[in-house]
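Here it is: the structure, laid out below.
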Amino acid sequence: MDLRPEEITGIIKNRIRNFSRRAEHSEVGTVVSIGDGIARIYGLDNCMSGELLEFENGVYAMAMNLEEKFVAAVMLGSDSDIREGDTVKATGSVVSVPVGEAVLGRVVNALGQPIDGKGEIYTSERSPIERPAYGIITRKSVSVPLQTGIKAIDSMVPIGRGQRELIIGDRQTGKTAIALDTIINQHDKNVLCVYVAIGQKSSTVANVVETLRQNNALDYTVVVAATASELAPLQYISPYTGVAIAEYFLRQGKDVLCIYDDLSKHAVAYRTLSLLLKRPPGREAYPGDVFYLHSRLLERACRLSPDYGGGSITALPIIETQAGDVSAYIPTNVISITDGQVFLETDLFNSGIRPAVNPGISVSRVGGSAQIKAMKKVAGSLKLTYSQYRELQSFSQFGSDLDRDTKERLALGERVVEVLKQDRNSPVDVADQVMIIYAVTNGYLENVEVADVKEYERDLAAFAADNKPEIHDKIHADGILDEETEAMLKALLDEFTKKFVSQHS
């Protein structure tokens, strides 16, 4: 193409006019050593703690140890193609994950990348995984219930929105089942859920996702998975990824439920990292800041006052014990951070009492303020009755000659235990819980055989829905059991119990 001299002159003038002397600046270091997922890098003088570093081949790492001349970084991907002398670029930002409405219903890894085969997640906002917890002034006390749908928990160890309630017990005692039931029960309750799977088998995570999908709970849930086959750094950051996603919704004024399954494996992953980074080991080879590891995570659970949006994050961390030893290092750490614990006992689980909640050790320190008044009224003596039954049961097996009072207490205790039994993935509406607990604590079940209690409960819920739906409506609307509603409930129970006993006699 022929250009006239004046056209060439115009092009040159335009280039000069738009010329910018702005230079791109990035800090670059050199890999000194690499191995066991730890890279030692020289030359990153201005590197931040927790900063994201990028290698030549596109793999990322997170800066952990900032030494005088070197930076020790943990790999967030494979280190097989990285060699000594490779260059590393500092990104200038700490590790962050995509947050927003688009992550709901998705399964992501610890970096917020989708792993469910449903395509990319498009969000306009990213959030750092580590950030300070909200201060005291911004918070409000726990006063709104978070219904789990589990009778043994909602009646004896109630949980409120913004609370941190530990689920603790040996392996295979139903800890994850309680967490999933709680997620399933949030359907139509305007509570979003984040489930973090730490160090679990991929098949276990797939089963969890399938359970949520079958119960129509996946639409309002985010699953963050760092499976057992993944690197220890990814297992370490996964719960912080989960709470960063939850905090986005908190800032929107929404209520969020966060489940960390489980923090025992999280502590082990952090111990692995710390030993590879040559940090000094302490008790059981855990580093000295292992308490801070979990406290800074769980302190981010809170309920904000209306002036600051009014949202909440409720945390249900899970801890696995060895032979029921709650006095071990990590269990005692997390017990002291949380607002109570639900202790699941192996002996109860093996004897068919599920959920296997031990009423003696289980406690909720702040949840009583959030429990609805109707439940507080009917379940006030339930924990004591249950605990007394367990004591009497252990003594009565050694003697056959029992007085009448002991026999009555044992009979009542048997029916209480039967009422509190519950199948997995079948949360119970709070109004139905109030009715059956009122029935058992007020002697309506004394002529009902223990084997028929489950049928009694099921038929009672259906009978009440057909004949006195206003009892349900009143408990749901006001959360109270006033004299008028209680009189209706008594009349309903009298009629139903008489009919049920006559049919089964």
Side-chain angles (χ1 to χ4, degrees), residues 145-160 165 167 174-189 191 193 211-212 214-217 257 314 316 342 344 348 352-357 359 362 364 367 370-380 382-383 385-386 415-442 444-445 448 450 452-469 471-477 479-481 485 489 492-493 496-497 500:
L146 183 109
Q147 304 291 352
T148 66
I150 300 166
K151 290 170 286 186
I153 294 177
D154 289 343
S155 60
M156 297 189 292
V157 275
I159 299 171
E165 185 77 4
I167 302 172
K175 301 185 295 296
T176 301
I178 283 182
L180 294 183
D181 282 1
T182 305
I183 292 177
I184 291 166
N185 196 54
Q186 303 316 308
H187 192 68
D188 297 330
K189 290 185 172 60
V191 177
C193 303
T211 299
L212 294 175
Q214 288 175 358
N215 290 277
N216 302 315
L257 170 65
T314 308
L316 295 184
V342 177
L344 303 179
L348 287 176
I353 299 172
R354 300 173 189 178
V357 177
S362 300
S364 179
Q371 192 175 34
I372 64 169
K373 288 184 171 62
M375 182 64 83
K376 193 175 289 188
K377 182 175 182 178
V378 302
L382 192 65
K383 198 169 185 178
T385 303
Y386 194 165
R415 284 155 180 79
V416 166
V417 169
E418 200 63 30
V419 162
L420 294 180
K421 284 183 183 177
Q422 201 165 326
D423 296 330
R424 311 179 51 149
N425 307 332
S426 54
V428 179
D429 182 79
V430 67
D432 290 329
Q433 291 187 39
V434 169
M435 286 195 294
I436 189 62
I437 291 171
Y438 185 90
V440 71
T441 53
N442 286 277
Y444 285 96
L445 273 70
V448 176
V450 174
D452 296 331
V453 168
K454 192 64 67 183
E455 185 185 347
Y456 178 96
E457 180 185 353
R458 187 176 60 249
D459 292 353
L460 173 62
F463 186 80
D466 292 339
N467 295 277
K468 286 288 182 185
I471 298 176
H472 268 85
D473 297 340
K474 185 71 174 175
I475 292 172
H476 281 299
I480 59 172
L481 192 66
T485 312
L489 179 56
L492 179 87
L493 287 170
F496 173 76
T497 306
F500 186 89

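Residues: numbered from 1 along the sequence shown.
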Requested in this report: Could you walk me through whether Glu457 and Asp432 pass the side-chain contact (heavy atoms from CB on, under 4.5 Å) test, one step at a time?
Outcome: CA-CA 9 Å; Glu457 180 185 353; Asp432 290 329; over 6 Å; no
Query raised in the report: Can you name the closest pair of heavy atoms from His472 and Ala464 and give their distance?
Result: CE1-CB, 4.3 Å
Report task. Starting at CG of Leu180, measure out to CD1 of Ile184 and round the result to the nearest 0.5 Å. Result -> 6.0 Å
Query raised in the report: Is there side-chain contact between Leu420 and Val440, with at least one heavy-atom pair below 4.5 Å?
Result: no
Query raised in the report: Who passes side chain to side chain contact (heavy atoms under 4.5 Å, CB included) against Lys373, sequence neighbours left out?
Result: Ile480
Report summary line: To the nearest 0.5 Å, atom CG of Leu344 lies from atom CD1 of Ile178 at 4.5 Å
Query raised in the report: With distance as the sole test, does Ser364 use its side chain to make a donor-acceptor pair with the main-chain N or O of Pro158 at under 3.5 Å?
Result: yes
Query raised in the report: Closest approach of Leu212 and Ile183, non-hydrogen atoms and distance?
Result: CD2-CG2, 3.7 Å
Query raised in the report: Are a donor atom and an acceptor atom from the side chains of His187 and Asn215 found within less than 3.5 Å of each other?
Result: no
Query - Pair Gln433, Asp154: side-chain N/O donor-acceptor within cut-off below 3.5 Å - result: yes
Requested in this report: Indicate yes or no: at least one non-hydrogen side-chain atom of Lys454 is less than 4.5 angstrom from one of Lys421.
Outcome: yes
Query raised in the report: What closest approach, in Å, do Pro359 and Met156 show between heavy atoms, and which atom pair accounts for it?
Result: CB-SD, 4.1 Å
Report task. Can you sort out the partners of Gln214 under side chain to side chain contact (heavy atoms under 4.5 Å, CB included), two or more places apart, ordered by chain and number? Result -> Glu210
Query raised in the report: Any side-chain heavy-atom pair from Met375 and Ser155 closer than 4.5 angstrom?
Result: yes
Query raised in the report: Would you say the side-chain atoms of Gln422 pair up with the backbone N or O of Ser426, donor to acceptor, closer than 3.5 Å?
Result: yes
**Report entry** Whether Lys377 side chain and Leu481 backbone form a donor-acceptor pair below 3.5 Å
**Finding:** yes
Requested in this report: Provide the closest heavy-atom pair for Val450 versus Glu418 in the form atom of the first, atom of the second, distance.
Outcome: O-CG, 3.5 Å
Report task. Measure from the side-chain N and O atoms of Arg415 to the backbone N and O of Leu445, and report whether any donor-acceptor pair falls under 3.5 Å. Result -> yes
Query raised in the report: If every non-hydrogen atom of Pro469 is compared with every non-hydrogen atom of Asn467, which pair is closest and at what distance?
Result: CD-C, 3.5 Å
Query raised in the report: Measuring from Glu165:CD to Ile167:CD1, what's the distance to the nearest 0.5 Å?
Result: 8.0 Å
**Report entry** Heavy-atom donor-acceptor pair, Asp452 side chain to Val448 backbone, under 3.5 Å
**Finding:** no
Query - CE on Met435 to CD1 on Ile475, rounded to 0.5 Å - result: 6.5 Å
**Report entry** Leu316 CG to Thr148 OG1 distance, which is reported to the nearest 0.5 Å
**Finding:** 9.0 Å
Query raised in the report: Do you know the tightest heavy-atom contact between Lys151 and Ile436?
Result: CD-CG2, 4.4 Å
Report task. Please report the C-alpha distance between Arg424 and Arg354 in whole Å, then the side-chain angles of each, then the deciding distance to 0.1 Å, and finally whether the side-chain contact (heavy atoms from CB on, under 4.5 Å) criterion is met. Result -> CA-CA 9 Å; Arg424 311 179 51 149; Arg354 300 173 189 178; over 6 Å; no
Query raised in the report: Between Val419 and Tyr456, is any pair of side-chain heavy atoms under 4.5 Å apart?
Result: no
Requested in this report: For side-chain contact (heavy atoms from CB on, under 4.5 Å), just list the numbers for Leu493 and Leu460, CA-CA rounded to whole Å, side-chain angles, deciding distance to a tenth of an Å, and then say yes or no.
Outcome: CA-CA 8 Å; Leu493 287 170; Leu460 173 62; 3.8 Å; yes
Report task. Report the residues that fulfil ring-ring contact (aromatic ring centres under 6.0 Å, His included) with Phe463, sequence neighbours left out, ordered by chain and then residue number. Result -> Phe496
Query - CA sep, side-chain torsions, deciding dist, call: Lys189, Leu146, side-chain contact (heavy atoms from CB on, under 4.5 Å) - result: CA-CA 9 Å; Lys189 290 185 172 60; Leu146 183 109; over 6 Å; no
Query raised in the report: CG/Asp181 to CD1/Ile150 distance, rounded to the nearest 0.5 angstrom?
Result: 4.5 Å
Requested in this report: Please confirm whether the backbone N or O of Thr182 pairs with a side-chain atom of Gln186, one donor and one acceptor, at under 3.5 Å?
Outcome: yes
